Amino acid sequence: MASTTFLSLSEVPALVKIAEEAIHEAGSYLLEHLGRAQVQHRKAYKDDLLDVDLGSERIILSVLQKEAPSIGVLSEEAGVIGRQDQYWTIDPVDGSANFQHGSPSFGIAIALIANQETVGGVIYLPTRNELFTAIRGQGAYLNGEKISVSRAATLEHALVHVGDLSSSSDPRVVEEGLRDFAAITAHVHRTRIVGSIVTELADVACGRADALVSRTSNPWDIEAGKLLVSEAGGKITTITDNRIKPLYLYSNGIIHDTFQNLLEQ
């Protein structure tokens, strides 16, 4: 593919296969280093850069740039590389704190963006050996089997993931999150905080969770999972009214309006 060409939708399946190759290689590397990561330096509040963040990213970039050199990159650690009208988003280790402590709850995410639209997404959960894939308009899959969101019809029967409440340096955001958490727990069946948004989004897409509430907005964190949820039949809304920081609601669609009304009270 020449550097001046623009991505066509017919090319997306082959590019997703390339992403799958890259993500599997990175996953094998991470499994070998689980619980043995070394902190390189503190990136931001409660956010350490690990050696495995860089190692996983190097593996992914090596495959993507070799096999698809005309596609640019927006990666969590490396930043912007190349063209940004068609590019990959890469999260080489999502759930770094979990990984650092030897927890199996972490994942890797790669999304393909073309003309400001996410057209392909891959999430790999190495400790489960679960590969989630989605291509716009073609559904969502787990290890090659088509998946769909849950059929939970009421909040009273819903298991809800709630994003990490402790990662913000702004105490107002933390307080707002705690208020949301209290309201959610009073109305749903169970709540969970996993510590890896790519895992949480994959869980919503395949029906293991009925909804996710999160404040995470980095494209490398959410683009692959957003496409998974959408292609699996879910619904996504951004709630901004009277909020210090936007809140993102992902659900099976059935409970969405009721849940949104609860969060907007």
Side-chain angles (χ1 to χ4, degrees), residues 44-47 89 91 94-95 105 109 111 113 116-118 121 123 132 134 136 140 147-265:
Y45 180 77
K46 295 187 180 181
D47 189 7
T89 65
D91 190 344
D94 183 73
S105 296
I113 317 293
Q116 300 182 327
E117 181 178 61
T118 304
I123 287 176
F132 294 82
R136 182 163 295 279
I147 56 174
S148 63
V149 294
S150 76
R151 303 302 299 171
T154 66
L155 292 184
E156 290 79 7
H157 293 92
L159 188 151
V160 176
H161 287 323
V162 181
D164 192 347
L165 300 175
S166 64
S167 59
S168 176
S169 61
D170 187 339
R172 299 174 305 158
V173 174
V174 175
E175 291 170 6
E176 186 174 71
L178 290 171
R179 288 194 299 271
D180 289 334
F181 186 75
I184 292 166
T185 54
H187 289 85
V188 305
H189 181 59
R190 288 289 189 273
T191 53
R192 297 288 184 267
I193 300 176
V194 176
S196 164
I197 191 170
V198 305
T199 302
E200 293 170 320
L201 286 166
D203 281 350
V204 173
C206 71
R208 292 174 184 159
D210 306 302
L212 163 65
V213 176
S214 173
R215 288 166 178 76
T216 300
S217 60
N218 297 318
W220 49 81
D221 287 318
I222 63 174
E223 287 304 320
K226 282 173 63 178
L227 184 63
L228 274 174
V229 171
S230 177
E231 288 295 318
K235 187 175 180 179
I236 303 165
T237 295
T238 304
I239 301 171
T240 58
D241 289 350
N242 302 315
R243 291 200 162 266
I244 298 167
K245 188 173 183 179
L247 188 66
Y248 301 91
L249 172 61
Y250 310 84
S251 83
N252 65 3
I254 304 170
I255 62 172
H256 200 91
D257 291 344
T258 304
F259 207 160
Q260 184 174 345
N261 289 337
L262 170 66
L263 295 169
E264 289 179 336
Q265 288 178 1

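For the numbers below, each heavy atom of this structure counts, side chains included, while hydrogens, waters and symmetry mates do not. These numbers were taken from a predicted model, which means no experiment stands behind them.
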Legend entry - Pair Thr89-Glu223, side-chain donor/acceptor within less than 3.5 Å: no
Inset, instruction - Keeping the roles fixed (side chain from Arg136, backbone from Thr118), state whether a donor-acceptor pair exists under 3.5 Å. - result: yes
Legend entry - Steps toward side chain to side chain contact (heavy atoms under 4.5 Å, CB included) verdict (Ile184, Leu155): CA-CA 9 Å; Ile184 292 166; Leu155 292 184; over 6 Å; no
Inset, instruction - Can you spot which of Val194, Thr185, Ile193 makes a side chain to side chain contact (heavy atoms under 4.5 Å, CB included) with Val162? - result: Ile193
Legend entry - Residue list, side-chain contact (heavy atoms from CB on, under 4.5 Å) with Ala158, at least two apart or on another chain: Val160, Asp210, Ile255
Inset, instruction - Please name the pair of heavy atoms, one in Thr238 and one in Pro246, separated by the smallest distance, quoted to 0.1 Å. - result: CG2-CB, 4.1 Å
Legend entry - Heavy-atom check, side chain of Val213 versus side chain of Asp180, under 4.5 Å: no
Inset, instruction - Inspect the surroundings of CD in Gln116 and state if more than 12 heavy atoms from other residues, nucleotides or ligands are less than 6.0 Å away. - result: no
Legend entry - 4.5 Å side-chain heavy-atom contact, Trp220 and Asp94: no
Legend entry - Rounded distance [0.5 Å steps], OG in Ser217 versus OH in Tyr248: 4.5 Å
Inset, instruction - Provide the closest heavy-atom pair for Ala232 versus Ala205 in the form atom of the first, atom of the second, distance. - result: CB-O, 3.3 Å
Legend entry - Spacing of Ile254 atom CD1 and Ser150 atom OG [to the nearest 0.5 Å]: 6.0 Å
Legend entry - Qualifying residue, where the test is side chain to side chain contact (heavy atoms under 4.5 Å, CB included) with Val204 and the options are Asn252, Leu228, Val229: Val229
Legend entry - Nearest heavy-atom neighbours spanning Ile222 and Ile197: CG2-CD1, 3.7 Å
Inset, instruction - For Arg215 and Asp170, run salt bridge (charged side-chain N to carboxylate O under 4.0 Å, His left out): C-alpha distance rounded to whole Å, both residues' side-chain angles, the deciding distance at 0.1 Å, then the answer. - result: CA-CA 13 Å; Arg215 288 166 178 76; Asp170 187 339; over 6 Å; no
Legend entry - Interatomic spacing from OG in Ser214 to CG in Leu247 - rounded to 0.5 Å: 8.0 Å
Legend entry - Inter-residue atom distance Arg208.CZ - Leu159.CG, 0.5 Å rounding: 12.0 Å
Inset, instruction - Please check if the side chain of His187 supplies one atom and the backbone of Ala183 the other of a donor-acceptor pair under 3.5 Å. - result: yes
Legend entry - From CG (Leu201) to CG (Leu227), nearest 0.5 Å: 11.0 Å
Legend entry - Lys/Arg N to Asp/Glu carboxylate O, Lys245 vs Glu176, below 4.0 Å: no
Inset, instruction - Work out which heavy atom in Ser196 is nearest to a heavy atom in Ser105; give both atom names and the distance. - result: CB-O, 3.9 Å
Inset, instruction - Hey, could you give me the OG1/CD distance between Thr216 and Glu200, rounded to the nearest 0.5 Å? - result: 8.0 Å
Legend entry - Side chains of Ile147 and Phe132 in contact at under 4.5 Å (non-hydrogen atoms): yes
Inset, instruction - Sequence neighbours left out, what pairs pass side chain to side chain donor-acceptor pair (under 3.5 Å) with at least one residue falling in residues 256-265? - result: Lys235-Asp257, Thr237-His256, Ser251-His256, Gln260-Glu264
